[in-house]
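See structure below.
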Amino acid sequence: MRLRNITGSREVIADSPYVVQEAILEQCPGTWHTIFGNNHPVHIEIGMGKGKFIHAMAKEHPEINYVGIEKYSSVLLRAIQKMEEEELPNLKFIRMDAEDIAKVFGKGEVDKIYLNFSDPWPKDRHAKRRLPSGQFLARYDVILKKDGFLEFKTDNRDLFDFAVEELEPAGWKAEVISYDLHADEKLMVGNIMTEYEEKFSSMGNPICKYIIYR
Ligand code: SAM
């Protein structure tokens with residue numbers, strides 16, 4: 001998702017109390033419980049887009065701290081506007097490329113990772129940019145606690161097949177693999193639809209989901 005550049009979005013982000021600012025990111029590893037002021041588990045969504053999913057999750061689970069990560073200022077701006085309408089104490093945002101995720105969270109500091117409708121990067125030479133790639137799984141391996149889980153949803157079957165193939169060589173195992181999430185009553189319990197999930201499922205696309213661990 002890349003909205004046209006919105007004038008002033010960088011300034012809004014720089015002034016927002018909901019955003020953990022770039023200048024202090026390198027001090028963050030190991031300090032997330034201090035940032036939130038409690039010892040609740042930390043769940044993150046990488047590539048959150050406009051933040052519909054993570055905002056709804058944070059509202060529904062006040063006992064969990066959420067961090068939404070998004071690369072583009074113009075997209076993050078929408079998530080900030082949502083927080084201005086409905087402020088939640090257990091949700092923070094970071095504007096960054098997730099390539100550097102292991103510089104922002106300490107070893108095993110994250111309890112759960114969500115990837116939702118990640119960009120497919122269809123060209124082979126861009127495979128390592130895909131958020132469920134082996135290269136990214138290695139970064140998640142550092143920050144995710146030992147018995148933590150990662151959940152991934154997409155309607156893109158090629159990306160999903162790629163993601164499943166990446167698991168074994170990277171040392172991850174699947175607890176759940178579904179090629180039609182919305183037809184699975186058990187998996188749908190507590191499912192919060194992302195913006196893309198709403199869009200693509202309304203077009204009739206089946207939604208794939210895996211839940212993985214090491
Ligand atoms: N998760 C949302 C949803 O399901 O509705 C948005 C999906 S959108 C297709 C993917 C989002 O991931 C975009 O907003 C994009 O900017 C962001 N993104 C892609 N690669 C990223 C990266 N390396 N680091 C941070 N964000 C990234």
Side-chain angles (χ1 to χ4, degrees), residues 1-6 9-10 12-13 18-22 25 28 43-59 66-83 91-105 110 112-123 125-144 150-160 162-163 166 178 181-182 187-188 190-203 205-211:
M1 181 188 304
R2 201 162 175 186
L3 302 177
R4 74 187 155 75
N5 264 342
I6 297 174
S9 55
R10 281 186 179 265
V12 172
I13 289 167
Y18 311 126
V19 177
V20 180
Q21 298 298 331
E22 215 167 323
L25 283 181
C28 287
H43 293 190
I44 69 175
E45 184 188 8
I46 301 179
M48 69 165 174
K50 298 179 197 165
K52 176 188 180 287
F53 169 84
I54 200 162
H55 193 276
M57 290 292 279
K59 191 176 168 180
Y66 289 89
V67 183
I69 292 147
E70 172 53 48
K71 188 156 72 169
Y72 292 113
S73 306
S74 51
V75 185
L76 171 56
L77 181 66
R78 303 295 190 204
I80 293 172
Q81 288 166 342
K82 212 175 179 52
M83 274 283 265
L91 175 58
K92 298 275 179 207
F93 303 126
I94 305 176
R95 195 206 63 76
M96 68 177 291
D97 189 317
E99 260 182 33
D100 290 327
I101 197 77
K103 294 181 187 162
V104 170
F105 295 95
V110 174
K112 195 169 197 177
I113 299 175
Y114 293 98
L115 305 177
N116 291 315
F117 295 79
S118 306
D119 293 337
W121 292 105
K123 290 185 182 145
R125 67 189 159 91
H126 291 148
K128 65 176 189 298
R129 295 186 192 173
R130 299 173 192 153
L131 292 180
S133 67
Q135 285 84 351
F136 272 96
L137 290 175
R139 296 175 178 118
Y140 308 147
D141 185 41
V142 177
I143 64 169
L144 187 65
L150 181 153
E151 300 194 8
F152 170 48
K153 294 194 276 191
T154 182
D155 70 318
N156 186 313
R157 184 60 192 265
D158 288 344
L159 178 64
F160 192 68
F162 165 84
E166 294 290 278
S178 168
L181 166 66
H182 291 190
L187 271 185
M188 280 301 279
N191 184 61
I192 293 207
M193 295 249 252
T194 80
E195 193 188 351
Y196 273 61
E197 186 172 355
E198 271 183 353
K199 181 172 155 191
F200 291 118
S201 61
S202 72
M203 290 161 60
N205 296 5
I207 307 300
C208 303
K209 173 172 181 169
Y210 72 37
I211 303 175

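Whatever order the structure lists ligands and atoms in, that order sets their numbers, starting from 1. Note that the structure is a prediction, hence the values are computed from the model and not measured. Along the sequence shown, residues carry numbers from 1. What's counted below: heavy atoms across the whole structure, side chains too, no hydrogens, waters or symmetry copies.
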Checking the N or O distance criterion of under 3.5 Å, is ligand 1 in contact with E45? yes

Taking 4.0 angstrom as the limit and counting only heavy atoms of A98, give me the atoms of ligand 1 inside it, by number and element. 22 (C), 23 (N), 24 (N), 25 (C)

Would you check whether G47 has a nitrogen or oxygen atom less than 3.5 angstrom from a nitrogen or oxygen atom of ligand 1? yes

Verify the distance criterion only: is there a donor paired with an acceptor across the side chains of E197 and N116 at less than 3.5 Å? no

Going by the rule side-chain contact (heavy atoms from CB on, under 4.5 Å), which residues pair with K128 if we only count those two or more places apart in sequence or in a different chain? Q135

Is F117 in polar range of ligand 1, meaning some N or O pair under 3.5 Å apart? no

Distance filter under 4.0 Å to N116 heavy atoms, resulting ligand 1 atoms: 1 (N), 2 (C), 4 (O), 7 (C)

Quick one: does K82's side chain get under 4.5 Å of K50's, heavy atoms only? no

Going by the 4.0 angstrom heavy-atom rule, the piece of M48 near ligand 1 is backbone

E70 touching ligand 1 at heavy-atom level, < 4.0 angstrom: yes

With R139 as the cation and F136 as the aromatic partner, state whether NZ or CZ is under 6.0 Å from the six-membered ring centre and within 45° of the axis. yes

If we only consider heavy atoms of E99, is any one of them less than 4.0 Å away from an atom in ligand 1? no

Examine ligand 1 and decide if any of its atoms is less than 4.0 Å from a heavy atom belonging to D97. yes

Closer than 4.0 Å to some heavy atom of Y72 - which atoms of ligand 1 meet that? 16 (O)

Regarding R130 and E166, does a basic nitrogen lie under 4.0 Å from an acidic carboxylate oxygen? no

Check: F93 ring centre within less than 6.0 Å of Y18 ring centre: no

Which atoms of ligand 1 have any heavy atom of G49 under 4.0 Å away? 6 (C), 14 (O)

Any N or O on K71 sitting closer than 3.5 Å to an N or O of ligand 1? yes

No-hydrogen, no-angle side-chain donor-acceptor test under 3.5 Å, K153 and N191: yes

Contact between M193 and H182 at the side-chain level, heavy atoms closer than 4.5 Å - yes or no? yes

If the cut-off is 4.0 Å to any non-hydrogen atom of E195, which atoms of ligand 1 fall inside it? 5 (O)

Give a yes/no verdict on whether any heavy atom in K52 is under 4.0 Å from an atom of ligand 1. no

Side chain or backbone, does T194 bring an N or O within less than 3.5 Å of an N or O on ligand 1? yes

Which of parallel (below 30°), tilted (30 to 60°) and perpendicular (above 60°) describes Y66 and H43? perpendicular

Would M96 count as a contact of ligand 1 if the rule is a heavy atom under 4.0 Å away? yes

side-chain contact (heavy atoms from CB on, under 4.5 Å) partners of N205, counting only residues at least two apart: D155, F200, M203

